[in-house]
Amino acid sequence: MILGHIGARKGSKGVPGKNFRPLCGKPLIDWSLDQLFANPRVGAVVVSTDDEAIYDHAVKRGALDIGLRPAELATDTAPKWGVWQHALAASEAKAGPVSAFLDLDCTSPLRIPEDIDGALDLFINEHPDMVMSVCEARKNPYFNLVEPDAAGALHVSKPLPGGVWARQDAPVVYEHVGVVYVVAPDYLRKAKTIYEGRVVPYVLPSDRCHDIDTPYDFRLVEFLLNEQLAAGVRKV
């Protein structure tokens, strides 16, 4: 059984209440919830939250009733990995063994259904410990990311012998984005951090990889989501 998961913590310093804030006609979380409920490969859905309103909303829509997230997993510093581990254990107690843990970040609503299916297909075909969505980084540490030395002078963050003088000659680097993750349950139970095992990239176009962290992000995502709706890529 594939378990679909969304984490939606109550607190948000950048955009207060963002996970339940209306976006293009419905709460932000519903853009991800709708995709999980609509996907025939997903056998159960769970929302991990410390927000009673979000929790009640999710359970009424059909999410598993696992209770609110423990207080120690509801802080600014609580690791995503620990939240996932708790959600997996609580869900299996309710719905039985899970074959794949599918996580969608609530704050990345620009994904389309094909992004989810593509990540699941990669997980099934490659048998990694984890599939992580990424996009090609706009700035490259071998070329145009710089950092100061002890004297304050700037240097390329990751210099190579002879230097890199054109972006296309630099090694490819990715941005870790929260559009979609697929995790092997055994790995999630045993590992302490994301990168202990074989984590493979699922590369997405950057225009679907915007995460909402600030009021500016919210306005930008709203604009791009309206474009998707107007183009018929998405439905309200």
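Note that this is a predicted model, so its numbers are computed, not measured. Count residues from 1 along the sequence.
Between the side chain of Asp51 and the backbone N or O of Ile54 there is at least one donor-acceptor pair closer than 3.5 Å. Under the 3.5 Å distance criterion, the side-chain polar atoms of Asn144 are matched with a main-chain donor or acceptor of Asn140.
Between Tyr187 and Trp81, the ring center distance clears the sub-6.0 Å criterion.
Within 6.0 Å of CZ in Phe223 there are 12 or fewer heavy atoms belonging to other residues, nucleotides or ligands.
Residues Thr49 and Arg69 bring no donor and acceptor atom of their side chains to less than 3.5 Å of each other. Neither side chain, Arg111 nor Ser133, offers a donor N or O lying under 3.5 Å from an acceptor on the other. Side chain to side chain, Tyr202 and Asp115 fail the donor-acceptor criterion of an N or O pair below 3.5 Å.
The aromatic rings of Tyr181 and Trp84 sit perpendicular to each other, their planes meeting at more than 60°, with 30° as the lower class boundary.
For the side chain to side chain contact (heavy atoms under 4.5 Å, CB included) with Val131, the qualifying choice from Leu102, Ile124, Val182 is Val182, the only one to do so.
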Practice problem: Please test Arg61 against Asp34 for side chain to side chain contact (heavy atoms under 4.5 Å, CB included), starting from the C-alpha separation and ending with a verdict. | Solution: CA-CA 10 Å; Arg61 293 208 53 198; Asp34 286 351; 2.6 Å; yes
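Asp129 contributes atom CG, which lies 12.5 Å from atom CD1 of Ile194 (distance to the nearest 0.5 angstrom). Interatomic distance, Lys192 NZ to Gln85 CD, rounded to the nearest 0.5 Å: 10.5 Å.
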